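Worksheet: one structure, shown below.
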Amino acid sequence: MKILVTGGAGFIGSNLIMALLQHNHQVVSIDNYYTGKTANLSPFKDNPNFKEYSYDITIPWKDNPEATNIWGTQNLIEFTLAQKSARLLFSSTSEVYGDPHEHPQKESYHGNVNPIGIRACYDEGKRAAETFCFDSKRQFGLNVAVIRIFNTYGINMLPDDGRVVSNFIVQALKGRELTVYGDGTQTRSLCYVDDLVRGIILMMNHPQHISGPINLGNPHEQTVQELAEQILNLTGSSSKIRYLPLPSDDPKKRKPDITLAQQYLDWEPTVPVTTGLTQTISYFKNALTKTTIT
Ligand code: UDP
């Protein structure tokens, strides 16, 4: 198949491209390189099945999280409809559930998002993009697949993206205090990127072209405090934990119900968190020796 990956130079995009090339597909990456890194794609640059373009999918609109999700997705829907027989996979997010009142979160849950809060630009952008996808399916017959990605970690994460796994690992490796926001009792369920990528490819290739939405995440739930302690253990770091204020609208708990992924894709995560974290720690050890990130 010929596959276009937007955000190809990013964390998940580059891991997906690696797997697609291993399956002998032809892959084109598009990225505006705001956060994507050419280094993530350098292993593929001599592969004849791979092409890379610097382009902004939100053009002619402005770049911000709403624009990327709403207008970027709209552009891709039009592009998909203009092809003969293309399928669009839209990567949505567990953020559509907001600070959830249902636990674990099933795809049927409509969520609890504060539309004017600091996270709304991302959450509502993804929610609106899901709406575009399903309206375009109903009105124009768009062949679309929607996945809702839960917290994912692994190689090619940016050391300074502000996410909990990258922050804690970098802090531990540099001997700095680990910054736990709030009292650390909030929970997340962390999925290793290889598991996620396997789920994405199964959804793309679904023989009946189901649209979902389907949750892709690891149901292994832990508190942020437990994660901090686990990373201190695995790195052998003697860093201390520092408690900082919890950002507003930070979801108190999050855990995917993956019944639909099991049923329709025969998918569930297989990488235990300790294994995934160990691999991610060695990736960051290596990355930190090559960069000037302070
Ligand atoms: N978090 C934290 N310290 C950090 C970064 C994040 O305690 O240095 C917390 C954050 O408040 C949230 C959880 O870890 O409760 C996951 O944060 P992340 O930004 O990785 O993902 P999201 O909130 O989008 O699930």
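Every number for a ligand or one of its atoms is a count from 1 in the order of the listing. Being a predicted model, the structure only gives us computed values, none of them experimental. Both backbone and side-chain heavy atoms feed into the values below; hydrogens, waters and symmetry mates do not. Residue numbers run from 1 in the order of the sequence given.
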Which side-chain hydrogen bond (donor to acceptor under 3.5 Å, both in side chains) pairs, counting each pair once, include a residue from residues 263-275, with sequence neighbours left out?
Asp195-Thr270, Gln262-Glu268

Where does ligand 1 get N/O contacts under 3.5 Å from the protein, atom by atom?
from: ligand 1; atom 1: 3 (N); to: Thr179; atom 2: O; distance (Å): 2.6
from: ligand 1; atom 1: 7 (O); to: Tyr181; atom 2: N; distance (Å): 2.8
from: ligand 1; atom 1: 8 (O); to: Asn167; atom 2: ND2; distance (Å): 2.8
from: ligand 1; atom 1: 8 (O); to: Thr179; atom 2: O; distance (Å): 3.2
from: ligand 1; atom 1: 8 (O); to: Thr179; atom 2: OG1; distance (Å): 2.9
from: ligand 1; atom 1: 8 (O); to: Tyr181; atom 2: OH; distance (Å): 3.4
from: ligand 1; atom 1: 11 (O); to: Asp250; atom 2: OD2; distance (Å): 2.7
from: ligand 1; atom 1: 15 (O); to: Gln186; atom 2: NE2; distance (Å): 3.1
from: ligand 1; atom 1: 15 (O); to: Arg188; atom 2: NH2; distance (Å): 3.3
from: ligand 1; atom 1: 15 (O); to: Asp250; atom 2: OD1; distance (Å): 2.6
from: ligand 1; atom 1: 15 (O); to: Asp250; atom 2: OD2; distance (Å): 3.4
from: ligand 1; atom 1: 20 (O); to: Val164; atom 2: N; distance (Å): 2.8
from: ligand 1; atom 1: 21 (O); to: Asn151; atom 2: ND2; distance (Å): 3.3
from: ligand 1; atom 1: 23 (O); to: Arg119; atom 2: NH2; distance (Å): 3.0
from: ligand 1; atom 1: 23 (O); to: Arg188; atom 2: NH2; distance (Å): 3.1
from: ligand 1; atom 1: 24 (O); to: Glu95; atom 2: OE2; distance (Å): 3.3
from: ligand 1; atom 1: 24 (O); to: Arg119; atom 2: NH2; distance (Å): 3.1
from: ligand 1; atom 1: 25 (O); to: Asn151; atom 2: ND2; distance (Å): 2.8
from: ligand 1; atom 1: 25 (O); to: Arg188; atom 2: NE; distance (Å): 2.7
from: ligand 1; atom 1: 25 (O); to: Arg254; atom 2: NH1; distance (Å): 2.6

Considering only NZ, NE, NH1 and NH2 on the basic side and carboxylate oxygens on the acidic side, decide whether Glu124 and Arg127 come within less than 4.0 Å.
yes

For Val96, what are the other residues in its hydrophobic cluster, where any two members join if their side-chain heavy atoms are less than 4.5 angstrom apart?
Tyr97, Tyr109, Phe150

Distance in Å, Asn143 CG paired with Cys133 SG, rounded so as to fall on 0.5 Å steps
11.5 Å

Result for side-chain contact (heavy atoms from CB on, under 4.5 Å) between Gln225 and one of Leu178, Ile241, Thr185 points to Ile241

Among residues at least two apart in sequence or on other chains, which ones pass salt bridge (charged side-chain N to carboxylate O under 4.0 Å, His left out) with Lys253?
none

